[in-house]
Number of protein chains: 2
Amino acid sequence: MSGSSVVEGEAQAEVQAGAQAAVLPVSRRTLHDEVVGRIRDMIIEGHLPTGSRIHEGQLGARLGISRTPLREALKFLASEGLIDLVPGRGAVVRTLTRVDVRDLLEVLTALESSAGRSACARASEAEIAGVRRLHDAMMEFYARRDRLEYYKLNQAIHSAIAALSGNAYLAQVHETIQQRLRRIRFLGNQGPEKWSAAVAEHEAMIAALEARDGEALATVLTEHLRRTWDRVIDVVEP
Amino acid sequence: MSGSSVVEGEAQAEVQAGAQAAVLPVSRRTLHDEVVGRIRDMIIEGHLPTGSRIHEGQLGARLGISRTPLREALKFLASEGLIDLVPGRGAVVRTLTRVDVRDLLEVLTALESSAGRSACARASEAEIAGVRRLHDAMMEFYARRDRLEYYKLNQAIHSAIAALSGNAYLAQVHETIQQRLRRIRFLGNQGPEKWSAAVAEHEAMIAALEARDGEALATVLTEHLRRTWDRVIDVVEP
DNA sequence: CGAGCTTCGATTGCGTTCAATCATCCTGTA
DNA sequence: TACAGGATGATTGAACGCAATCGAAGCTCG
């Protein structure tokens with residue numbers, strides 16, 4: 001086993017912590033949120049396969065921590081819905097069924113539509129230009145067929161629109177859902193025709209945002225996510 | 001102090017647990033979710049004032065449990081946003097600022113609008129009739145000016161519409177938000193003219209649902225929550 | 001007399017340990 | 001031979017205790 005301690009890893013899950021960090025100017029140190037972020041990544045990346053039980057002693061040893069902070073992190077993740085806590089049997093990695101994915105996408109649609117309308121109404125020109133830059137960078141990776149980097153920027157754009165709503169809570173919930181869908185959406189974008197269609201939808205998205213046409217943006221986002229459902233439906237089981 | 005143990009209390013926070021309990025036919029026993037529900041209630045009811053620090057030893061003694069399960073429960077509640085975990089200082093009850101309430105209501109609007117559309121499209125006649133019964137019962141309490149019971153049914157109706165969407169995740173997030181706003185919305189409905197206006201909006205809601213007019217229902221819900229914002233704006237500080 | 005530093009008490013963070021529960025395997029009997 | 005029952009090992013759930021850190025009071029010095 002790799003005797004790596006947690007301390008080595010960088011804090012990658014600061015997105016939603018930043019939303020309510022206004023009262024604490026700089027989040028001094030992440031104590032055990034490190035562990036939360038780490039386990040969350042392990043689940044999303046597939047290192048902890050869905051449906052499998054989480055052995056506390058074993059995972060704790062791998063992370064170089066004792067069971068107590070690990071259990072606290074598991075409780076936190078359970079609240080996010082990534083794992084289920086079965087009374088006598090511990091934590092099991094939650095499997096996303098087809099219905100789960102549909103439900104998550106539906107909520108994502110509601111949130112992004114609302115965010116899109118707000119963004120068109122209140123975002124500054126500079127902020128919109130920032131999204132445009134993300135889009136252009138994404139198109140670069142599309143031209144090079146760099147799927148991983150393309151996808152990262154794709155998610156960043158959606159997150160940016162959610163953030164442009166000016167609604168921190170919306171952005172936070174949006175981020176949580178997007179993380180949970182990350183793996184499935186990535187797998188679902190296989191195939192050049194699917195990919196090019198998604199790109200076209202993104203073009204329309206940016207156009208609507210720059211035109212500050214909230215209704216059009218909401219419509220495009222809704223349609224985009226409806227087609228995302230079509231794209232991922234084959235990837236997810238049951 | 002009251003030396004009451006946790007075991008006496010009934011489990012009141014089973015709402016969102018039920019959403020994903022399909023795999024576990026009967027949720028055998030709630031081990032520490034009891035504690036989560038208890039603390040959540042204490043916060044919402046105001047027994048733990050907002051902004052105050054939570055003393056682990058003290059609260060643990062009051063609940064009759066040791067610090068370990070209490071800390072796990074606090075981590076869970078932190079993920080819901082009810083409390084903030086400050087690294088060296090423990091847990092503090094989160095204060096809902098005006099911006100927070102606005103953000104929460106905005107997300108609630110997006111969710112309920114979406115749910116309303118879905119409900120009109122897919123709910124059975126029996127389910128709609130069930131909501132009507134809730135509404136009629138609520139009107140009874142309105143006639144008697146029983147504000148507490150009125151308000152309970154008011155929330156139940158909104159939850160029912162969220163559930164009628166057929167989207168378990170949406171219903172869960174909706175419930176979480178509604179719980180967080182419970183106290184403020186209750187305080188905000190003071191005054192007879194505010195109250196009667198809210199009742200009228202509810203009438204329109206039920207009418208749109210029974211007519212299965214999804215767009216109308218979404219509009220009414222949006223308007224209802226916008227006016228809710230007006231009603232509560234004086235109650236919440238900053 | 002006020003400000004900065006130091007020390008001390010209190011509280012949190014985490015590791016360790018004990019009790020309860022669950023799963024598996026073995027044994028005995030029909 | 002197959003099934004039922006019990007016993008044992010493993011794993012979770014909760015309590016305890018120690019070390020680190022935070023806040024505050026007291027002391028010293030300018």
Side-chain angles (χ1 to χ4, degrees), chain A residues 1 3-9 11 17 23-39 48 51-79 82-94, chain B residues 1 3-9 11 17 23-39 48 51-79 82-94:
Chain A
M1 80 178 67
S4 64
S5 169
V6 182
V7 195
E8 306 171 18
V23 63
L24 309 170
V26 106
S27 64
R28 293 251 296 183
R29 287 173 194 177
T30 52
L31 59 169
H32 86 294
D33 303 319
E34 188 75 37
V35 181
V36 171
R38 190 65 90 82
I39 300 177
L48 291 175
S52 69
R53 285 179 58 178
I54 292 180
H55 190 128
E56 295 179 355
Q58 196 170 329
L59 182 56
R62 269 190 67 180
L63 295 172
I65 57 174
S66 101
R67 279 181 55 217
T68 306
L70 174 62
R71 284 175 58 83
E72 293 177 353
L74 291 178
K75 293 294 192 313
F76 196 94
L77 293 169
S79 177
L82 264 81
I83 60 180
D84 283 329
L85 259 38
V86 185
R89 232 175 311 174
V92 296
V93 182
R94 199 151 192 276
Chain B
M1 82 177 69
S4 64
S5 169
V6 182
V7 196
E8 306 170 18
V23 63
L24 309 169
V26 105
S27 64
R28 296 247 297 180
R29 286 174 193 175
T30 52
L31 60 169
H32 86 295
D33 302 320
E34 187 74 37
V35 181
V36 171
R38 190 65 91 82
I39 301 176
L48 292 175
S52 69
R53 284 180 59 180
I54 293 180
H55 191 127
E56 296 179 354
Q58 197 170 327
L59 182 57
R62 268 190 68 180
L63 294 173
I65 58 175
S66 98
R67 278 180 55 217
T68 307
L70 175 62
R71 284 176 57 84
E72 293 177 354
L74 291 178
K75 293 295 191 312
F76 197 94
L77 293 169
S79 177
L82 264 82
I83 60 180
D84 283 330
L85 292 174
V86 186
R89 230 176 312 171
V92 296
V93 182
R94 199 151 192 276

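All values below were derived from every heavy atom in this structure, side-chain atoms included, with hydrogens, water molecules and symmetry-related copies excluded. A, B, ... follow the sequence lines: proteins, then strands. Residue 1 opens every chain.
Looking at every heavy atom in both residues, A:Leu74 comes nearest to A:Leu85 through O-CD1, 4.4 Å. Nearest approach of A:Leu59 to A:Ile54, heavy atoms of both residues: CD2-CG2, 3.6 Å. Across all non-hydrogen atoms, the minimal contact from A:Leu70 to A:Gly60 is CD2-N, 3.5 Å. Nearest heavy atoms, A:Ile83 versus A:Val93: CG2-CA, 4.1 Å.
The CG atom of B:Leu63 sits 13 Å away from the P atom of D:dA14 (whole-angstrom rounding). Between the CD atom of B:Glu72 and the P atom of D:dA14 there is a distance of 7 Å, given to the nearest Å. Note: CG (B:Leu85) to P (C:dC14) measures 11 Å, nearest angstrom. As rounded to whole Å, 14 Å separates atom P of C:dC14 from atom CG of B:Leu74. When rounded to the nearest whole Å, the span between CG of A:Leu59 and C1' of D:dT11 equals 14 Å. Between the P atom of C:dC14 and the CD1 atom of A:Ile65 lies a distance of 8 Å, rounded to the nearest Å.
Side-chain nitrogen and oxygen atoms of A:Ser66 include at least one within less than 4.0 Å of the OP1 or OP2 phosphate oxygen of C:dG15.
The salt bridge (Lys or Arg N to Asp or Glu O under 4.0 Å) test applied to A:Arg67 returns A:Glu56, not counting sequence neighbours. The side-chain contact (heavy atoms from CB on, under 4.5 Å) check on A:Val92 picks up A:Arg53, A:Asp84, A:Val86, with sequence neighbours excluded.
Each end of the helix from C:dC1-D:dG30 to C:dA30-D:dT1 gets its own axis, taken as the rotation carrying the C1' atoms of four end pairs onto the next four within a five-pair window, and the two axes meet at 0° to the nearest 10 degrees.
Remark: B:Glu72 CD to B:Asp33 CG distance equals 11.0 Å, nearest 0.5 Å.
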Just the table, please: protein N/O against nucleotides 7-12 of chain C N/O, every pair under 3.5 Å.
from	atom 1	to	atom 2	distance (Å)
C:dT12	OP1	B:Ile54	O	3.2

